[in-house]
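All chains are named by letter (A, B, ...) in the order of the sequence lines, taking the proteins before the strands, and each is independently numbered beginning at 1.
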Protein chains: 2
Amino acid sequence: MVLVDTNSDWKSSRRAEAVRRIQDTAWTIAREQGLAALSLREVARRLGMQAPSLYSYFASKNDLYDAMFARAASELATLVESLDAELGVRTETAIDVRASFKTGARRFAEFCVGDPARFQLLFQRTIPGFEPSSDSYAPAIRALEMTDRQLASMGVRERGHADLWLAILSGLLSQQLSNDPGGDRWLGLLDDAVEMFCDHVDIPPQRRARRRNG
Amino acid sequence: MVLVDTNSDWKSSRRAEAVRRIQDTAWTIAREQGLAALSLREVARRLGMQAPSLYSYFASKNDLYDAMFARAASELATLVESLDAELGVRTETAIDVRASFKTGARRFAEFCVGDPARFQLLFQRTIPGFEPSSDSYAPAIRALEMTDRQLASMGVRERGHADLWLAILSGLLSQQLSNDPGGDRWLGLLDDAVEMFCDHVDIPPQRRARRRNG
DNA sequence: GTCTATAGGGTGATAGAC
DNA sequence: GTCTATCACCCTATAGAC
């Protein structure tokens with residue numbers, strides 16, 4: 001957790017700037033060498049600092065992970081928000097819900113494949129001893145709730161069905177990243193998965209509105 | 001990779017016994033503290049040895065991971081073999097294919113939930129610098145091929161469909177292990193997922209045989 | 001072959017000078 | 001805030017006793 005500087009503005013902004021640069025460097029290393037291969041000494045080295053100086057900004061390595069998680073979760077929330085605006089499927093009269101599903105799946109896939117380290121930090125619990133703080137987790141929860149609302153507006157109202165869809169999506173992406181990084185063996189199944197799921201939850205196939213009390 | 005002892009039988013069996021005990025201890029630690037938290041010193045400590053002595057049995061820590069992977073992959077192959085025998089769905093005249101799907105899914109889920117560390121080692125690539133050797137990977141490939149054959153005998157003949165099913169399954173289990181360890185929020189969706197998938201690939205719902213050249 | 005002893009170069013973390 | 005010095009731990013490797 002980053003200590004908040006209550007001093008003058010330029011001072012706190014200098015501090016925020018330093019925090020940001022540390023995080024940027026940490027992400028660069030994580031993407032280059034793997035999330036678990038991150039080391040504080042390497043971060044400090046690239047910034048021209050000594051390792052212990054980092055402890056002025058982060059109380060521990062796990063706190064750095066926590067800040068990285070917070071950023072990743074915020075980026076996820078931003079993605080979901082932009083999808084909300086883009087798809088505009090707030091009402092039940094949306095046209096071609098399946099097309100919206102496919103767009104959402106594709107955007108989410110790009111988000112994950114575009115940064116496997118971020119995917120690992122957000123969706124797999126693989127760093128021993130690290131659990132995101134509730135503060136850092138909050139944007140992830142917000143993103144999940146927004147997604148649930150989006151799914152509900154698209155006709156997926158049972159929690160089990162929403163869970164199933166997100167499991168399918170994350171399963172395809174996990175397989176893609178683990179077994180065929182850079183390829184599209186599983187990415188190419190996204191549209192098929194949408195059709196399968198929409199059939200299952202009775203989302204109509206065509207670009208016709210679905211009446212509420214039909 | 002474990003060096004093969006070509007000496008007398010009891011000697012090589014003593015060696016094999018030591019190798020086995022080291023592996024057992026390593027698995028215990030991995031299950032207790034996480035796969036990535038494994039340390040050779042801790043292994044040696046629990047066995048009353050000095051850490052360097054482990055290098056008589058494993059050339060490096062990654063070689064120990066490799067042996068652990070080999071065991072996990074063999075256990076997976078054993079599971080798939082037992083499923084093969086149990087389900088007996090070798091021909092196209094199998095009855096109630098969906099029930100076989102559900103049984104297979106449940107067995108696989110038990111396999112994964114019963115040992116999350118094994119799941120992580122087998123299906124998530126999260127240890128920096130570790131790649132299973134081709135020898136250790138072989139049983140995993142065998143298990144995958146057997147699974148493909150089983151799926152084919154159950155009516156799933158396109159690679160994309162087999163990939164999709166395994167992605168669904170692994171996605172549900174990954175979500176279960178990451179977000180609700182010990183619970184059943186995603187495990188409870190397995191049967192529903194089977195129905196969804198079987199509908200999608202036109203596997204008939206009832207216990208009726210499907211003719212080959214119908 | 002198997003062990004002990006030891007060393008080199010990493011790691012996260014802390015104490016204290018400035 | 002930043003540094004130096006230091007600690008305790010880690011993996012890896014080698015030398016040498018038995």
Dump every N/O contact between nucleotides 6-13 of chain D and the protein below 3.5 Å, one line per pair.
residue : atom : partner : partner atom : Å
D:dC10  : OP2  : B:R45   : NH2          : 3.2
D:dC11  : OP1  : B:L40   : N            : 2.7
D:dC11  : OP2  : B:L40   : N            : 3.3
D:dC11  : OP2  : B:R41   : N            : 3.3
D:dC11  : N4   : B:R41   : NH1          : 3.3
D:dC11  : N4   : B:R41   : NH2          : 3.1
D:dT12  : OP2  : B:Y55   : OH           : 3.2
D:dT12  : OP2  : B:K61   : N            : 2.8
D:dT12  : O5'  : B:Y55   : OH           : 3.4

* To do: Check whether any side-chain N or O of B:R14 sits under 4.0 Å from OP1 or OP2 of C:dG1, and answer yes or no.
  => no

Are A:S53 and D:dC3 close enough that a side-chain N or O sits under 4.0 Å from OP1 or OP2? yes

Note to self: C:dG1, OP1 or OP2 - any side-chain N/O from B:Y57 closer than 4.0 Å?
What the structure shows: no

From CZ of A:F130 across to C1' of C:dG12 the rounded distance in Å is 16 Å

Note to self: Taking 4.0 Å as the cut-off, does a side-chain nitrogen or oxygen of A:Q50 come that near to OP1 or OP2 on D:dT4?
What the structure shows: yes

To the nearest angstrom, the CD1-C1' distance between A:I127 and C:dG12 comes to 14 Å

B:F130 atom CZ, neighbour heavy-atom count above 12 within 6.0 Å
yes

Closer than 4.0 angstrom, basic N to acidic O: yes or no for B:R46 and B:E32?
yes

Check: Can A:Q175 and B:S170 be counted as having a side-chain donor-acceptor contact under 3.5 angstrom?
Finding: yes

note: A:D63, atom CG; C:dG12, atom P; distance rounded to Å ~ 13 Å

Separation of C:dT2 atom P from B:L54 atom CG, nearest Å, is 12 Å

### Task
May I ask you to decide whether A:E145 forms a salt bridge with A:R142, counting only side-chain N to carboxylate O separations under 4.0 Å?
no

Here the distance between atom P of C:dT2 and atom CD of B:E17, to the nearest Å, is 13 Å

_Looking at A:Y57, I'd like to know if the NZ or CZ of A:R21 sits under 6.0 Å from its six-membered ring centre while staying within 45 degrees of the ring's axis._
no

Cut-off 3.5 Å, side chains only: do A:Q124 and B:T126 have a donor facing an acceptor?
-> no

